[in-house]
Each structure stands twice: as C-alpha cells, then as structure tokens.
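On a predicted model such as this, the values are computed, not experimentally measured, just so you know. Just follow the structure's listing: the first ligand is 1, and inside any ligand the first atom is 1.
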Amino acid sequence: EWGYSPTNGPDVWARLFPQAGGARQSPVDICTSIASSDSNLEMKKLTFAYESQSDLRILNTGHGWKVEAPQSGSRLEGGPLGEDIYQLEQFHCHWGETSAEGSEHTVDGRAYAGELHLVHWNTTKYQSFAEAAQHPDGLAVLGVFFDVGNESNDEIEKIVSTLSEIKFKGQFTDIPDVIDPTTFLPSGLGYWTYLGSLTTPPCNECVIWIVYKEPITVTEEQVTYH
Ligand SMILES: NS(=O)(=O)c1ccc(-n2ccn(-c3ccc(F)cc3F)c2=O)cc1
Ligand SMILES: [Zn+2]
C-alpha cells in the first residue's frame, strides 16, 4: 500500500504507478518570480457555480478526509479551462502533524498548514470521471491553502466535527449539515495555474491545476491530526 514512508513514499511510487515518473507531476513548488501573469494570456474569467448538499458521505482515506460530492448541477469553466465545463466530483484535504506543514503545493518554498482540493471532471468531452482521469484535460482541481489563525471556518467545522466517527482508514459517515463548497473559496480570486497530475497514486497526468493565491483561515484544531 503506498504511503509517505521511505519504503512506500513518492520516491518509489513510480515502480507501481508508472505515471508517477512522468514529466508533469504534481505537487510543485510555485516560484512566484517566474510565474507569468495571465493578463498577457488573455484568459477568460474563471467562473464556478455549486449546489448546497446535505448528507454527503465523508471517508477517512488514511491520509486525510474525502467528501464524495458528485454535483451534476455544478459548473467550473473559463480561465485555463478553454470552452469545456467541469463538474465537481469530490473534495478532500491534505494536512500535516503540525500547522507548520501539510500543504502539497508550496509557494517559494513555503508550506501552508494544509490544502483543500476540489476535484472536477470535464463533462464536455468525457462520459465519466474514470474516463476523464485518462486524458490530459480530464480533471480540474481547485487548490486552497489553509492558514492557521484565531477564527475557525464554519464550513470546515461541519466537516471536521464528524471525524471522531471515522477514526480509522476506510470508515465513512454522513455529514448531516448542508455544505456549500462556494464557502471554501477565498475572497481574493487570484490564482496560479499549470498542467499537472494527481498528487497521489495513480498520479495520472490529467489535471489542470488552479491554486488560489489567498489562503483561507482555520484554527489549529481544524487542520492538525489528533
Ligand atoms: N490530491 S489530488 O491531486 O487532488 C487527487 C489525487 C488522487 C485522486 N485519485 C485517486 C484515485 N482516483 C481515481 C478514482 C477513480 C477513478 F475512476 C480514477 C481515478 F484516478 C483519483 O481521482 C484524485 C485527486
Ligand atoms: Zn489532493
């Protein structure tokens, strides 16, 4: 089973998952000095529309939590996504042992306390998530960094308040509250974008990454393993 130890971590993933040795692997360190600004790329505005859902299933993946949220009524389009429309499939979080680490992407070498990923698939071109994950423009993932501060994030609280029920890998439960993914996004909508991959096995090189520049604030309790 893959993990993050020397014997099953990223350095050996390519033995089991050939794409992990590819040319567009994520995560990356975002070097802000060499990132080109989108104004000269004439990009269309990135727009998103989500539904609010209740009774979403949350799973302990062994590396964090994942909420299955297939939303046929959701739309992510514009920006680097060309003419295609992407639909939300799931969202999940990466975090670490302390608030000094945990994000997958880093910005000029700096890690954040955690990182939320909203995973979407291209419904214009493909018939299923599984099919989309086999193509270079199949998925679009929105990344939002977590900063640790004094105010807690109410929407994240709805999620982490259920974790006591799913202490072990593979366990799942339903989130009774209504969740609106829009509330996870920062107010400042500036982002970096690049062509990359799934950050964990099978590491498919099928992701258009959109990483927001502005982190959202959560409390220490909301973003560290216990
Ligand atoms: N961290 S991330 O880059 O957002 C990320 C990392 C890994 C995945 N992931 C793992 C397995 N799958 C997957 C599940 C079902 C399927 F049909 C195809 C897949 F690639 C997947 O999308 C999904 C998202
Ligand atoms: Zn992720």
Side-chain angles (χ1 to χ4, degrees), residues 1-4 8-10 12-14 16-30 48 50 56-72 74 76 80-81 86-96 101-107 111-123 125-146 156 159-160 163 169-170 172 181 184-185 191-212 215-216 218 222-225:
E1 175 62 21
W2 64 270
Y4 290 93
N8 68 358
V12 298
W13 287 351
L16 289 173
F17 306 94
Q19 294 212 60
R24 54 179 270 190
Q25 285 295 298
S26 298
V28 296
D29 178 37
I30 297 166
F48 45 80
Y50 294 115
L56 289 175
R57 173 156 290 178
I58 183 168
L59 175 76
N60 178 331
T61 61
H63 310 289
W65 51 261
K66 174 175 88 165
V67 175
E68 294 160 0
Q71 282 199 8
S72 49
S74 61
L76 178 69
L81 303 178
Y86 290 71
Q87 177 182 303
L88 182 65
E89 176 71 11
Q90 53 108 327
F91 54 90
H92 63 273
C93 166
H94 302 263
W95 55 22
E101 58 181 351
S103 66
E104 295 209 297
H105 290 93
T106 49
V107 180
Y112 284 85
E115 189 171 337
L116 177 70
H117 289 157
L118 295 129
V119 182
H120 307 72
W121 61 280
N122 187 331
T123 55
K125 284 187 176 168
Y126 309 113
Q127 310 308 312
S128 71
F129 180 88
E131 183 196 353
Q134 308 305 322
H135 298 274
D137 60 355
L139 304 188
V141 182
L142 294 186
V144 183
F145 290 122
F146 288 143
I156 295 291
I159 292 167
V160 298
L163 295 186
K169 175 175 180 176
F172 54 82
F184 294 134
L185 301 180
Y191 59 84
W192 294 289
T193 182
Y194 73 98
L195 298 178
S197 75
L198 302 178
T199 64
T200 62
C203 302
N204 298 19
E205 298 190 322
C206 64
V207 180
I208 298 173
W209 274 100
I210 296 168
V211 181
Y212 281 108
I216 60 171
V218 295
Q222 290 185 309
V223 80
T224 40
Y225 264 138

Student: Would you compute the distance between atom OG1 of T123 and atom CD of Q87 and round it to the nearest 0.5 angstrom?
Tutor: 5.5 Å
Student: Shortest non-hydrogen contact from V223 to G114?
Tutor: CG2-CA, 4.2 Å
Student: Using the side chain to side chain donor-acceptor pair (under 3.5 Å) criterion, which residues pair with N204? Sequence neighbours excluded.
Tutor: none
Student: Can you work out which protein residues put a heavy atom within less than 4.0 Å of ligand 1?
Tutor: Q90, H92, H94, E104, H117, V119, F129, A130, A133, V141, L198, T199, T200, P201, P202, W209
Student: Please, which pairs that meet salt bridge (charged side-chain N to carboxylate O under 4.0 Å, His left out) have at least one residue in residues 198-211, sequence neighbours excluded?
Tutor: none
Student: Mind checking the CZ-CH2 spacing from F129 to W121? Nearest 0.5 Å is all I need.
Tutor: 9.5 Å
Student: Among W209, Y212, F91, which residue meets the ring-ring contact (aromatic ring centres under 6.0 Å, His included) test with H117?
Tutor: W209
Student: Is the closest side-chain donor-acceptor distance between D137 and Y86 under 3.5 Å?
Tutor: no
Student: For the CD atom of E68 and the CD atom of Q90, what is their distance to the nearest 0.5 Å?
Tutor: 8.0 Å
Student: No waters, cut-off 2.8 Å: how many protein N, O or S atoms are close to the Zn ion (ligand 2)?
Tutor: 3
Student: Distance check, rounded to the nearest 0.5 Å: S197 atom OG versus Q25 atom CD?
Tutor: 3.5 Å
